[in-house]
Trainee: 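Pasting a structure below so you can have a look.
Each residue takes its place number in the sequence, starting with 1.
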Amino acid sequence: MTRELFGRVLCFALGAFYTAGAVPLFTFGPTGKHLWSLIETQVSVLATAIGVTPGIATTLLGFFAIGGPLALVWLIAGKQVNRLIWLLAGVCAYGIYWLVA
């Protein structure tokens, strides 16, 4: 599998995962709501233990949870792949699946 094809597949999958809620950009999916509530609970416990406000810790974690996978996939895909188009294709594909199912 070439790097371009691998990058397209990663961008497509990330778009679908964002929409499904597996990565907490859109948390309307049942998977996203469940995972994000588990993550928020653990972050709140850890933040309280180290003396940080749970709201601040959750907000900071949210930026890394969204931006981390996106930055990694963007880096792996490279400049030769139109990353935004493939990301949006994944979003649309899962959206169509969600409407039909």
Side-chain angles (χ1 to χ4, degrees):
M1 185 183 300
T2 66
R3 181 177 177 178
E4 288 179 24
L5 180 60
F6 188 65
R8 288 181 184 117
V9 169
L10 281 178
C11 288
F12 183 87
L14 187 64
F17 284 151
Y18 274 154
T19 309
V23 180
L25 179 61
F26 305 111
T27 54
F28 62 83
T31 305
K33 288 178 184 175
H34 179 69
L35 286 175
W36 191 245
S37 68
L38 291 173
I39 291 169
E40 279 183 326
T41 303
Q42 295 302 319
V43 167
S44 295
V45 169
L46 290 172
T48 303
I50 61 173
V52 177
T53 306
I56 292 173
T58 304
T59 302
L60 292 174
L61 179 68
F63 291 127
F64 288 110
I66 294 167
L70 186 62
L72 183 63
V73 167
W74 245 235
L75 183 66
I76 292 170
K79 294 180 181 179
Q80 59 272 34
V81 175
N82 193 341
R83 299 167 289 208
L84 184 60
I85 296 295
W86 283 98
L87 183 80
L88 292 176
V91 169
C92 291
Y94 187 83
I96 290 169
Y97 166 76
W98 188 66
L99 287 173
V100 172

Trainee: Got a second to check how far L14's CG is from I76's CD1, nearest 0.5 Å?
Mentor: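 These two atoms lie 10.5 Å from each other.
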Trainee: Does I56 offer a backbone N or O that forms a donor-acceptor pair with the side chain of T53 under 3.5 Å?
Mentor: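 No: the side chain of T53 does not pair with the backbone of I56.
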Trainee: Once you round to the nearest 0.5 Å, how far does CZ of F17 lie from CZ of F12?
Mentor: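 The CZ atom of F17 sits 10.5 Å away from the CZ atom of F12.
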Trainee: Any side-chain heavy-atom pair from P54 and T48 closer than 4.5 angstrom?
Mentor: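 Result yes, sub-4.5 Å side-chain heavy-atom pair found.
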Trainee: In terms of hydrophobic clustering (I, L, V, M, F, W, Y; side-chain heavy atoms under 4.5 Å; direct or indirect links), are Y97 and L99 co-clustered?
Mentor: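 They do share one cluster, since a chain of ILVMFWY contacts under 4.5 Å joins Y97 to L99.
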Trainee: Once rounded to the nearest 0.5 Å, what's the spacing between atom CH2 of W74 and atom CG of L87?
Mentor: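 If I round to the nearest 0.5 Å, the distance is 4.5 Å.
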Trainee: Check A47 against A57 and note the closest heavy-atom contact, atom names and distance.
Mentor: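 Minimum heavy-atom contact is CB-CB, 3.7 Å.
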Trainee: Quick check for you: to the nearest 0.5 Å, what is the distance between R8 atom CZ and I85 atom CD1?
Mentor: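 Answer rounded to 0.5 Å: 12.0 Å.
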Trainee: Which atom pair, heavy atoms only, marks the closest approach of R83 to K79?
Mentor: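 Answer, listing the atom of R83 first, then K79: NH1-N, 4.2 Å.
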Trainee: Does CH2 belonging to W86 count more than 12 external heavy atoms closer than 6.0 Å?
Mentor: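 No, CH2 of W86 has 12 or fewer neighbouring heavy atoms, counting only those of other groups under 6.0 Å.
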Trainee: Does V81 share a hydrophobic cluster with L84, counting links as ILVMFWY side-chain heavy atoms below 4.5 Å and allowing steps through other members?
Mentor: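 Different clusters: V81 never reaches L84 through Ile, Leu, Val, Met, Phe, Trp or Tyr contacts under 4.5 Å.
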